Amino acid sequence: MDDQQLQQWVEQISLNSFGRPFLHKARFNRRLTSTGGRYFTKTHDIEISTHQLEQFGMEDVEKIIKHELCHYHLHLLKRGYQHRDADFKTLLKQVGGTRFCRSLPTVKRREPYRYKLVCTVCKTEYLRKRKLDPRKYACGNCRGKLKLHTLDLKQNS
(Lines give C-alpha, C1' and ligand atoms only; values in the text may rest on other atoms or scores of the structure.)
Protein backbone atom coordinates (compact mmCIF):
# COMPACT_ATOMS: atom_id res chain seq x y z
CA MET A 1 0.00 0.00 0.00
CA ASP A 2 1.35 3.44 -0.88
CA ASP A 3 0.55 6.96 0.37
CA GLN A 4 -2.11 7.55 -2.30
CA GLN A 5 -4.03 4.39 -1.33
CA LEU A 6 -3.70 5.35 2.34
CA GLN A 7 -5.10 8.81 1.54
CA GLN A 8 -8.17 7.26 -0.13
CA TRP A 9 -8.62 4.80 2.72
CA VAL A 10 -8.48 7.56 5.36
CA GLU A 11 -10.97 9.67 3.37
CA GLN A 12 -13.33 6.69 3.11
CA ILE A 13 -13.10 5.88 6.85
CA SER A 14 -13.68 9.54 7.67
CA LEU A 15 -16.89 9.68 5.61
CA ASN A 16 -18.21 6.29 6.75
CA SER A 17 -17.39 6.50 10.48
CA PHE A 18 -17.54 10.24 11.16
CA GLY A 19 -19.84 11.54 8.41
CA ARG A 20 -17.31 14.29 7.70
CA PRO A 21 -14.66 14.60 4.97
CA PHE A 22 -10.93 14.38 5.59
CA LEU A 23 -9.48 17.34 3.68
CA HIS A 24 -5.79 17.10 4.50
CA LYS A 25 -2.86 14.74 3.84
CA ALA A 26 -2.39 11.21 5.14
CA ARG A 27 0.92 9.42 4.66
CA PHE A 28 3.00 6.53 5.92
CA ASN A 29 6.07 7.08 8.10
CA ARG A 30 8.59 4.24 8.52
CA ARG A 31 10.25 5.98 11.48
CA LEU A 32 7.19 5.52 13.72
CA THR A 33 7.99 2.48 15.86
CA SER A 34 6.69 3.23 19.35
CA THR A 35 3.40 4.75 18.11
CA GLY A 36 0.87 3.65 15.52
CA GLY A 37 0.20 7.09 14.11
CA ARG A 38 0.15 10.78 14.84
CA TYR A 39 -1.93 13.86 14.10
CA PHE A 40 -0.34 17.27 13.51
CA THR A 41 -2.38 20.15 14.95
CA LYS A 42 -0.71 22.82 12.78
CA THR A 43 -1.02 21.15 9.38
CA HIS A 44 -3.90 18.76 10.25
CA ASP A 45 -1.99 15.95 8.52
CA ILE A 46 -1.93 12.35 9.72
CA GLU A 47 0.98 9.91 9.67
CA ILE A 48 0.58 6.14 10.06
CA SER A 49 3.30 3.63 10.91
CA THR A 50 4.10 1.22 8.07
CA HIS A 51 5.35 -1.27 10.65
CA GLN A 52 1.86 -1.58 12.17
CA LEU A 53 0.45 -2.50 8.75
CA GLU A 54 3.20 -5.04 8.08
CA GLN A 55 3.00 -6.68 11.51
CA PHE A 56 -0.72 -6.62 12.37
CA GLY A 57 -2.67 -6.03 9.16
CA MET A 58 -5.37 -3.69 7.91
CA GLU A 59 -7.85 -4.26 10.74
CA ASP A 60 -5.50 -2.88 13.41
CA VAL A 61 -4.39 0.00 11.19
CA GLU A 62 -8.03 0.94 10.58
CA LYS A 63 -8.47 1.33 14.35
CA ILE A 64 -5.34 3.51 14.46
CA ILE A 65 -6.71 5.65 11.61
CA LYS A 66 -9.98 6.08 13.52
CA HIS A 67 -7.98 7.16 16.56
CA GLU A 68 -6.11 9.80 14.56
CA LEU A 69 -9.32 10.94 12.86
CA CYS A 70 -10.86 11.49 16.31
CA HIS A 71 -8.01 13.92 17.03
CA TYR A 72 -8.52 15.52 13.61
CA HIS A 73 -12.28 16.07 13.68
CA LEU A 74 -12.47 17.15 17.33
CA HIS A 75 -9.61 19.62 16.85
CA LEU A 76 -11.31 21.18 13.83
CA LEU A 77 -14.60 21.37 15.77
CA LYS A 78 -12.73 23.12 18.62
CA ARG A 79 -13.67 20.42 21.11
CA GLY A 80 -11.51 18.31 23.43
CA TYR A 81 -9.19 16.42 21.08
CA GLN A 82 -6.53 15.26 23.54
CA HIS A 83 -6.35 11.76 25.02
CA ARG A 84 -7.49 12.95 28.45
CA ASP A 85 -10.63 14.75 27.18
CA ALA A 86 -14.08 13.22 27.61
CA ASP A 87 -15.09 14.25 24.05
CA PHE A 88 -12.15 12.27 22.66
CA LYS A 89 -12.85 9.16 24.74
CA THR A 90 -16.55 9.20 23.84
CA LEU A 91 -16.01 9.64 20.10
CA LEU A 92 -13.27 6.99 20.05
CA LYS A 93 -15.65 4.50 21.64
CA GLN A 94 -18.47 5.39 19.21
CA VAL A 95 -16.39 4.83 16.07
CA GLY A 96 -14.56 1.74 17.37
CA GLY A 97 -11.03 3.11 17.40
CA THR A 98 -8.28 1.85 19.63
CA ARG A 99 -6.84 3.83 22.51
CA PHE A 100 -3.41 2.16 22.24
CA CYS A 101 -1.71 0.34 19.39
CA ARG A 102 -0.03 -3.02 19.81
CA SER A 103 3.72 -3.09 20.54
CA LEU A 104 5.99 -4.08 17.71
CA PRO A 105 7.92 -7.25 18.57
CA THR A 106 10.93 -6.22 16.46
CA VAL A 107 11.56 -2.98 18.35
CA LYS A 108 14.33 -3.37 20.90
CA ARG A 109 13.77 -1.40 24.08
CA ARG A 110 16.77 0.10 25.84
CA GLU A 111 17.44 -0.82 29.42
CA PRO A 112 16.06 1.90 31.67
CA TYR A 113 19.32 2.65 33.48
CA ARG A 114 22.74 2.70 31.83
CA TYR A 115 24.79 4.49 34.50
CA LYS A 116 25.29 4.19 38.23
CA LEU A 117 26.78 6.83 40.52
CA VAL A 118 28.23 5.49 43.76
CA CYS A 119 29.19 7.64 46.74
CA THR A 120 32.81 6.99 47.76
CA VAL A 121 31.98 7.66 51.44
CA CYS A 122 28.59 6.11 52.30
CA LYS A 123 28.25 3.84 49.21
CA THR A 124 24.80 5.21 48.25
CA GLU A 125 23.91 4.30 44.65
CA TYR A 126 22.10 6.54 42.16
CA LEU A 127 20.86 5.07 38.88
CA ARG A 128 20.76 7.33 35.81
CA LYS A 129 19.65 6.96 32.20
CA ARG A 130 21.99 9.67 30.92
CA LYS A 131 25.71 10.07 31.42
CA LEU A 132 26.74 13.01 33.59
CA ASP A 133 29.89 14.50 35.05
CA PRO A 134 30.22 13.26 38.67
CA ARG A 135 32.53 16.19 39.56
CA LYS A 136 29.53 18.55 39.32
CA TYR A 137 27.48 16.64 41.87
CA ALA A 138 27.77 15.39 45.44
CA CYS A 139 26.03 12.67 47.46
CA GLY A 140 22.62 13.71 48.76
CA ASN A 141 23.16 11.90 52.06
CA CYS A 142 26.70 12.81 53.14
CA ARG A 143 27.93 15.31 50.49
CA GLY A 144 30.69 12.82 49.55
CA LYS A 145 32.26 12.50 46.09
CA LEU A 146 30.53 10.39 43.43
CA LYS A 147 32.09 7.85 41.09
CA LEU A 148 30.47 7.00 37.73
CA HIS A 149 30.02 3.35 36.66
CA THR A 150 28.63 2.13 33.33
CA LEU A 151 26.16 -0.73 33.77
CA ASP A 152 26.73 -3.85 31.68
CA LEU A 153 23.44 -4.26 29.81
CA LYS A 154 24.07 -7.94 28.92
CA GLN A 155 24.48 -8.82 32.57
CA ASN A 156 21.10 -7.27 33.53
CA SER A 157 19.03 -9.04 30.88
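Since the model is a prediction, treat every value here as computed from it, not as a measurement. All values below come from the heavy atoms of this structure, side chains included, with hydrogens, waters and symmetry mates left out.
Note on Trp9: it does not cluster hydrophobically with Phe56, by side-chain heavy-atom contacts below 4.5 Å among ILVMFWY residues. Leu32 and Val61 fall into different hydrophobic clusters, defined by Ile, Leu, Val, Met, Phe, Trp and Tyr side-chain heavy atoms under 4.5 Å apart, directly or through other members. Linking Ile, Leu, Val, Met, Phe, Trp and Tyr residues whenever their side-chain heavy atoms come within less than 4.5 Å leaves Ile65 and Phe100 in two separate clusters. Cluster annotation: Met58 and Ile13 are assigned to the same hydrophobic cluster (Ile/Leu/Val/Met/Phe/Trp/Tyr, side-chain heavy-atom contacts under 4.5 Å, transitive). Under a hydrophobic-cluster definition in which Ile, Leu, Val, Met, Phe, Trp and Tyr are linked whenever side-chain heavy atoms come within less than 4.5 Å, directly or via other members, Leu151 and Leu117 are assigned to different clusters.
A salt bridge is absent between Glu47 and Arg31; no separation between the charged side-chain nitrogens and carboxylate oxygens falls under 4.0 Å.
Side chains of Ile48 and Ile64 form a contact here, defined as non-hydrogen atoms less than 4.5 Å apart. A heavy-atom distance below 4.5 Å is not found between the side chains of Glu11 and Pro21. Residues Cys139 and Leu146 have side chains in contact (heavy-atom distance under 4.5 Å, counting atoms from C-beta outward). The shortest distance between side-chain heavy atoms of Thr50 and Asn29 does not fall below 4.5 Å.
Checking each of Asp45, Asp3, Ile46 against Lys25 for a side chain to side chain contact (heavy atoms under 4.5 Å, CB included) leaves exactly one that passes, namely Asp45.
A donor atom on one side chain and an acceptor atom on the other are not found under 3.5 Å apart for Gln8 and Gln4.
A donor-acceptor pair under 3.5 Å links the side-chain atoms of Gln52 to the main chain of Arg102, judged by distance alone. Asp2 places a side-chain N or O within donor-acceptor distance of the main-chain N or O of Gln5, the cut-off being under 3.5 Å. Thr120 places a side-chain N or O within 3.5 Å of a backbone atom of Lys145 that can act as its donor or acceptor partner.
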#### Entry: Check against side chain to side chain contact (heavy atoms under 4.5 Å, CB included), Tyr115 and Leu127
CA-CA 6 Å; Tyr115 302 99; Leu127 296 174; over 6 Å; no
### Message
Lys116 vs Lys147, test: side chain to side chain contact (heavy atoms under 4.5 Å, CB included). Steps then yes/no.
### Response
CA-CA 8 Å; Lys116 179 170 64 171; Lys147 185 172 182 181; over 6 Å; no
### Verdict with supporting geometry, Leu53 and Phe28, side chain to side chain contact (heavy atoms under 4.5 Å, CB included)
CA-CA 10 Å; Leu53 183 62; Phe28 282 114; 3.8 Å; yes
### Task
Please lay out, stage by stage, how Lys131 and Arg114 fare under the test side chain to side chain contact (heavy atoms under 4.5 Å, CB included).
CA-CA 8 Å; Lys131 190 174 184 178; Arg114 296 178 63 198; over 6 Å; no
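Residue Arg99 places its CZ atom among more than 12 non-hydrogen atoms of other residues, nucleotides or ligands, all under 6.0 Å distant.
Shown here for Cys122 and Thr124, the closest heavy-atom pair between the two residues is SG-OG1, 2.9 Å. Closest heavy-atom contact between Pro105 and Gln55: CG-OE1, 3.5 Å.
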Could you list the donor-acceptor pairs under 3.5 angstrom formed by side chains in residues 69-81, with sequence neighbours left out?
| residue | atom | partner | partner atom | Å |
| --- | --- | --- | --- | --- |
| His71 | ND1 | Tyr81 | O | 2.7 |
| His71 | NE2 | His67 | NE2 | 3.1 |
| His71 | NE2 | His83 | NE2 | 3.3 |
| Tyr72 | OH | Leu23 | N | 3.0 |
| Tyr72 | OH | His24 | ND1 | 3.0 |
| His73 | NE2 | Ser14 | OG | 2.9 |
| His75 | ND1 | Tyr39 | OH | 2.9 |

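In this structure, OH in Tyr137 is found 12.5 Å from CZ in Arg143, a value given to the nearest 0.5 Å.
Hydrophobic clustering, defined by side-chain heavy atoms of Ile, Leu, Val, Met, Phe, Trp and Tyr closer than 4.5 Å, leaves Val118 isolated from every other such residue.
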